[in-house]
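A short worksheet on the structure shown next.
As a basis for the values below, the full set of heavy atoms in this structure was taken, side chains included, without hydrogen atoms, waters or symmetry mates. Letters go in sequence order (proteins before strands), and every chain restarts at 1.
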There are 2 protein chains.
Amino acid sequence: MSDQEPRGAAAPPGAQRPPDGGAPPADDDGTGRYTVRSVARAMRLVQIVADGPANGLTLSDLARSLGTSKSTTLALARTLAAAGMLRDAKPGPRYTLGTTVIRLGDIARGQLPLGDLSRPLLTELAEETKMTSRLAICDEGFPVFIERVDGPGSVRFHTPLGQREMPHASAAGKAILATMTEQQVRDMCAQTGLPRRTSHTITDVDSLLANLELVRSNGFAIDDEEDAEGIFCLGTAIFGHDGAVAGAVSVTGIKGDLPAWRVNELGQAVRRAADQVSHILGGPRQKDTGRTGSETA
Amino acid sequence: MSDQEPRGAAAPPGAQRPPDGGAPPADDDGTGRYTVRSVARAMRLVQIVADGPANGLTLSDLARSLGTSKSTTLALARTLAAAGMLRDAKPGPRYTLGTTVIRLGDIARGQLPLGDLSRPLLTELAEETKMTSRLAICDEGFPVFIERVDGPGSVRFHTPLGQREMPHASAAGKAILATMTEQQVRDMCAQTGLPRRTSHTITDVDSLLANLELVRSNGFAIDDEEDAEGIFCLGTAIFGHDGAVAGAVSVTGIKGDLPAWRVNELGQAVRRAADQVSHILGGPRQKDTGRTGSETA
DNA sequence: GCCTTGTGTTCGGTAGTACCGAACGCGGTT
DNA sequence: AACCGCGTTCGGTACTACCGAACACAAGGC
């Protein structure tokens, strides 16, 4: 986040370091140890373009955001453009994301066994519940949505794909957490904390653990305006062939549109869909309650 | 493809290049001039993983495919993994595509004005025609599909997104070519040639030009087993707010399922959908015949 | 059992290169 | 005209990305 370039600013021009090399490889870009700087920069460049406006950014914009000189930025951008990751629009070169990105994303979803297979099930679920239904994979404990089917005539939510969601403030996240041991849950929470998103967000571990107990007995997790005001989600976990949690299925809708008496019915529908996904994966159906088998791992 | 590393092998150690610069910066990686080598390699690495098996590749596999040492490959892979572009699976580190790729792809489609907006239209078209319907953007003359909606109960075709299709052997491609001048078409063909895909593929420019004339008078383009045996496609162009061709809409199905008398009806349906997309973009409806207006450009 | 072959990993050392800054040519606005 | 801003090119040098060898570990063969 707050990484600044140690390159041009810090080193006095005359100070030539003795060649015997007292300096270790010098932690690279703030990201980690032993990485390739120019590549890390290039990836940050892509991120910048992705976060930028839809009509693209100029080279100077990129140079400023990246904190490098224009010439360096040009070289990076050219290389990325040659690979199709970036694309320079015609009038007054503005860089946007290239088509290769789309292709890679499509391949990634296809390789992620759940990719295409779950689509029909999500479509069915979306029609049945009239809500936006999504499928998430479990990425080191975090839910990451990889597929989305909007309900018929439903409002379109801003639901980005491929992004880590907060485990404690999403239905999918809590469905996944509910399959873990208490210690694992505590470890997860230690990583990210439990940042408040709305006035309903669960912000202490003990309340979360109690909530997860409820998830286990109900068979589905609920996000009742805990992530965004007015938004209601409901999700259940799915399991892979090894019995470990593989992700979750969830539905999203406007809280006001949803009478309380429908919640249980929705929960059953989501759970039925999730079980079918688990079945495709060769995994077990969701356990009714309590133990989930992942404890021995 | 057949680029070999000029690094350690080619340059004699003592031969110090005269500083006046007789040699130009030495074409980098085979990709283009003035690019950053390590970044180009990193992107090739991602491509290799994408083209590899779904269960991933080992580091040694990557090193072999990339033609670099394991240590270099490790540094590249680590950097990419830190950015989320790659992901090392748990048992015996195997690299697969990371979730960032999915996120970027989703953003890219969202930024590509057609992204979400066209979805409902494609869904409608898919239900109406009972065929797989897709939307392509025009990338330097080439059609690149960015959205796909499978028809109800239709066979799932292998239809990768974000990939350049052959202009002469796809309905979308010919729909786009039909908006160009003869010279532009010839230039396009000169770039890629007209490789034969099936026994029905059009392989000489004059036949192609004649076919395009037919496209203009019909108002839609047909791919009658020209790209793949047994596959029938039908497409029409869409236009942006500047009046230039922006892409195409096409439907795909099994040739045998499609009686000849339905072709015209399908053409009208596709064209109606394409016109609606054009309308969303603020562009003109497709012209009935002949001139397409892009000739003056 | 040991030896072999594979894996992923770390560590020096050097040559090469990725980086910056300055200068250039353009098209726009003040 | 003079002025920014843009994208682009060109040298030169400090740095860094690269390789190769060595290491630790796991699996498979004789």
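B/Ile146 approaches B/Arg109 most closely through the heavy-atom pair O-CD, 3.1 Å. Nearest heavy atoms, B/Val36 versus A/Thr79: N-OG1, 2.7 Å.
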Apply side chain to side chain contact (heavy atoms under 4.5 Å, CB included) to the pair B/Asn55 and B/Arg94, showing each step before the final yes or no. CA-CA 8 Å; B/Asn55 61 339; B/Arg94 290 179 150 265; 4.1 Å; yes
Starting from the C-alpha separation in whole Å, work towards a yes-or-no answer on side chain to side chain contact (heavy atoms under 4.5 Å, CB included) for B/Gln184 and B/Met188. CA-CA 6 Å; B/Gln184 287 174 316; B/Met188 287 289 303; 5.6 Å; no
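Here D/dG5 presents its P atom at 19 Å from CG of A/Leu74, a figure rounded to the nearest Å. B/Leu57 has its CG atom 12 Å from the P atom of C/dT7, to the nearest Å. The CG-C1' distance, from B/Leu76 to D/dA17, rounds to 9 Å in whole Å. Between the P atom of D/dC18 and the CZ atom of B/Arg37 lies a distance of 7 Å, rounded to the nearest Å. Rounded to an integer number of Å, the gap from OH of B/Tyr95 to C1' of C/dT9 is 10 Å. When rounded to the nearest whole Å, the span between CG of B/Leu59 and C1' of C/dT9 equals 9 Å. Look at CZ on A/Arg94: it is 13 Å from C1' on D/dG5, rounded to the nearest Å. Taking atom CZ of A/Arg78 as the reference point, atom C1' of D/dG7 lies 9 Å away to the nearest angstrom.
When each of D/dG7, D/dA17, C/dT7 is scored by its nearest atom to the side-chain atoms of A/Thr58, the top-ranked nucleotide is D/dG7.
Residue side chain B/Ser71 reaches the base of D/dG20 through a donor-acceptor N/O pair under 3.5 Å, judged by distance alone.
An OP1 or OP2 oxygen of D/dC18 is reached within less than 4.0 angstrom by no side-chain nitrogen or oxygen of B/Thr72. Neither OP1 nor OP2 of C/dT17 sits under 4.0 Å from any side-chain N or O of B/Ser38. Side-chain N/O atoms of A/Arg64 include none lying less than 4.0 angstrom from OP1 or OP2 on D/dG5.
Using N1 to N3 plus N6-O4 or O6-N4 for Watson-Crick, or N1-O2 and O6-N3 for G-U wobble, each under 3.5 Å, C/dG28 pairs with nothing. C/dG21 is paired with D/dC10 under the Watson-Crick or G-U wobble criterion, all donor-acceptor distances under 3.5 Å.
The pair B/Asp106-B/Arg103 fails the salt-bridge criterion, with no side-chain N (NZ, NE, NH1 or NH2) lying under 4.0 Å from an Asp/Glu carboxylate O.
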